[in-house]
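Working notes, beginning with the structure itself.
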Number of protein chains: 2
Amino acid sequence: MTFPPFAVAVDLVVFTIRNDELCVLTIKRGEAPYKGRVALPGGFVLPNEDLEAAAQRELAEETGVGASHDTHLEQLATYGAPKRDPRIRTVSVAYLAFAADLPEPVAGTDAASAKWMPVSEALEIKLAFDHSTILKDGLERARAKLEYSTLATAFCPAEFTIADIRNVYELVWGIAIDPRNFHRKVLASVGFVEPTGELVSQGRGRPAQAFRAGPAVQLHPPIARGT
Amino acid sequence: MTFPPFAVAVDLVVFTIRNDELCVLTIKRGEAPYKGRVALPGGFVLPNEDLEAAAQRELAEETGVGASHDTHLEQLATYGAPKRDPRIRTVSVAYLAFAADLPEPVAGTDAASAKWMPVSEALEIKLAFDHSTILKDGLERARAKLEYSTLATAFCPAEFTIADIRNVYELVWGIAIDPRNFHRKVLASVGFVEPTGELVSQGRGRPAQAFRAGPAVQLHPPIARGT
DNA sequence: TTGGATAATCATCAGTATGACGATAATTAT
DNA sequence: ATAATTATCGTCATACTGATGATTATCCAA
């Protein structure tokens with residue numbers, strides 16, 4: 001029996017928070033197709049490489065960060081419409097990554113230029129391939145995961161304050177959250193955060209307790225969006 | 001530039017409820033590798049076929065059911081470990097389907113024999129390829145989706161009773177649920193079900209109201225597992 | 001025909017979570 | 001010092017949850 005040959009790629013939706021904005025890692029394509037167009041970083045999977053390993057490799061190439069660092073990586077979905085890549089039949093497995101504020105990305109092998117772009121901006125332009133769809137799906141996944149998982153800590157450095165976490169929720173969900181109720185909920189969700197005992201001053205206002213990520217992965221009870 | 005060639009397949013986790021048991025559609029492989037082993041149905045994606053279309057096609061081939069019927073189909077995840085198929089480097093996009101009780105499946109092209117197997121049984125044997133992992137992931141996804149989506153109605157015929165839905169939850173979650181609280185919650189979740197006005201007698205006991213699926217897709221509020 | 005047995009449906013109650021919002025505490029900027 | 005700012009604690013009415021009692025409408029067996 002013979003098999004129709006496909007190219008298999010991984011694409012990355014890497015979110016971080018910079019300058020009080022939710023940003024996504026983008027590249028500007030240096031070659032056809034879609035030359036000069038903004039795209040998500042990604043590349044073909046090597047003949048003997050696991051899918052997740054390929055995603056890790058691309059992530060490291062583009063950001064210079066070993067993914068185990070502070071970075072959460074998970075499979076998002078797979079896109080395989082017949083004409084999505086005009087060159088050859090390609091199936092792309094998209095991965096979603098969340099990173100604490102990273103240094104400016106390093107242009108990798110196949111990236112003419114990589115940079116963090118505010119998500120609001122990336123959503124308004126037409127990305128290469130079906131990357132606009134992938135970005136939208138990734139954003140929706142991230143928003144949903146904040147509700148029932150401890151994902152938000154992945155956007156924060158090792159030590160953070162409740163306000164830092166609230167900031168993540170507000171920027172990702174794009175809504176304002178009552179600080180008092182949010183504070184109560186975070187502390188009520190067992191294993192979400194644990195106090196370090198330190199106080200940190202954030203500029204003006206009363207200094208805040210420092211916390212580190214707790215052992216929980218799921219939030220009990222969850223923190224719901226809207227009503 | 002040249003691309004490493006991959007085979008791309010779709011595999012199906014099709015759940016239904018038969019004889020008061022959660023069952024999954026399985027085939028017995030007729031050819032090597034894993035000849036004679038139980039596997040999930042699936043097959044290679046055609047050169048010009050969309051991934052979801054391939055899943056629909058496989059579903060129709062194995063069950064004889066047009067997927068739009070009463071069947072919900074969604075992408076589960078993609079599996080691409082380098083050695084998962086000993087013949088050639090293969091990436092498999094798994095799809096999850098939920099069906100109301102279907103007629104006995106029809107053996108399809110590449111299936112020596114297709115049949116419904118209780119999930120409890122399928123979990124205990126070693127399936128071909130990495131299909132045991134796929135099945136486990138599919139089951140967990142199904143369990144999770146019951147909490148916040150109206151998925152349960154996909155397991156029911158067009159008209160059903162609250163007890164029918166409860167039965168779905170009990171069988172998929174594998175736990176007993178209090179009928180009184182469950183009844184209350186289902187009716188409280190707006191758009192989950194709407195009454196047809198009919199009464200149906202289920203054998204002994206007071207006859208139940210008949211319902212049909214409502215317009216909602218998400219449950220508000222959700223119906224939580226455990227505490 | 002009647003008295004279970006069975007299942008659907010309604011009702012109650014206490015514990016918990018939620019949103020709105022008032023009050024206090026601890027800093028920095030002026 | 002005083003004002004502005006942010007963290008944190010409290011209060012309250014409402015909503016949701018799990019446990020459980022009570023009622024209703026059937027079928028079935030004596």
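Letters A, B, ... mirror the listed sequences (proteins, then strands); counts begin at 1.
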Annotated protein contacts, base or backbone, on nucleotides 7-17 of chain C with a non-hydrogen cut-off under 4.0 Å, one of B, S, - each: BBBB-B-----

Kindly write out the residues that satisfy ring-ring contact (aromatic ring centres under 6.0 Å, His included) with A:Phe129, not counting sequence neighbours, or none if the list is empty.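 Once residues adjacent in sequence are excluded, the partners of A:Phe129 under the ring-ring contact (aromatic ring centres under 6.0 Å, His included) criterion are A:Tyr34, A:His131.
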
Identify every side-chain donor-acceptor pair in residues 182-195 of chain A under 3.5 Å, counting partners at least two apart or on other chains, and give the distances.
from     : atom 1 : to       : atom 2 : distance (Å)
A:Arg184 : NH2    : A:Asn181 : OD1    : 2.9
A:Ser189 : OG     : A:His220 : N      : 3.3
A:Ser189 : OG     : A:Pro221 : O      : 3.1

May I have the step-by-step check of side chain to side chain contact (heavy atoms under 4.5 Å, CB included) for B:Val14 and B:Tyr95, ending in yes or no? CA-CA 8 Å; B:Val14 189; B:Tyr95 279 80; over 6 Å; no

Applying salt bridge (charged side-chain N to carboxylate O under 4.0 Å, His left out), name anything that partners A:Arg141, two or more places apart in sequence or on another chain.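 Partners of A:Arg141 by the salt bridge (charged side-chain N to carboxylate O under 4.0 Å, His left out) criterion, ordered by chain and then number, come out as A:Glu74.
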
Just jot down the salt bridge (charged side-chain N to carboxylate O under 4.0 Å, His left out) partners of B:Asp178, sequence neighbours excluded, or say none.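 Only B:Arg180 meet the salt bridge (charged side-chain N to carboxylate O under 4.0 Å, His left out) criterion with B:Asp178.
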
Taking only residues at least two apart or on different chains, which pairs with a member in residues 119-138 of chain A satisfy salt bridge (Lys or Arg N to Asp or Glu O under 4.0 Å)?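 Counting only pairs at least two positions apart or across chains, the salt bridge (Lys or Arg N to Asp or Glu O under 4.0 Å) contacts touching residues 119-138 of chain A are A:Arg84-A:Asp130.
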
Interatomic distance, [X] [atom1] vs [N] [atom2] [rounded to whole Å]:
X        : N      : atom1 : atom2 : answer
A:Phe182 : D:dT6  : CZ    : P     : 17 Å
B:Arg225 : D:dT17 : CZ    : P     : 16 Å
A:Asp178 : D:dC9  : CG    : C1'   : 13 Å

Residue closer to the 5' end of DNA chain C, A:Ser201 versus A:Ile223 (nearest nucleotide):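 The residue whose closest nucleotide sits nearer the 5' end is A:Ile223.
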
Considering the terminal five base pairs at each end of the helix from C:dT1-D:dA30 to C:dT30-D:dA1, what angle separates the two local helix axes, rounded to 10°?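 So the angle between the two local helix axes works out to 0°.
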
By side-chain contact (heavy atoms from CB on, under 4.5 Å), which residues pair with A:Ser132, not counting sequence neighbours?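 Here the qualifying residues are A:Leu127.
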
For residues 203-216 of chain B, which residue pairs pass the side chain to side chain donor-acceptor pair (under 3.5 Å) check, not counting sequence neighbours?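 The answer is none; no pair qualifies.
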
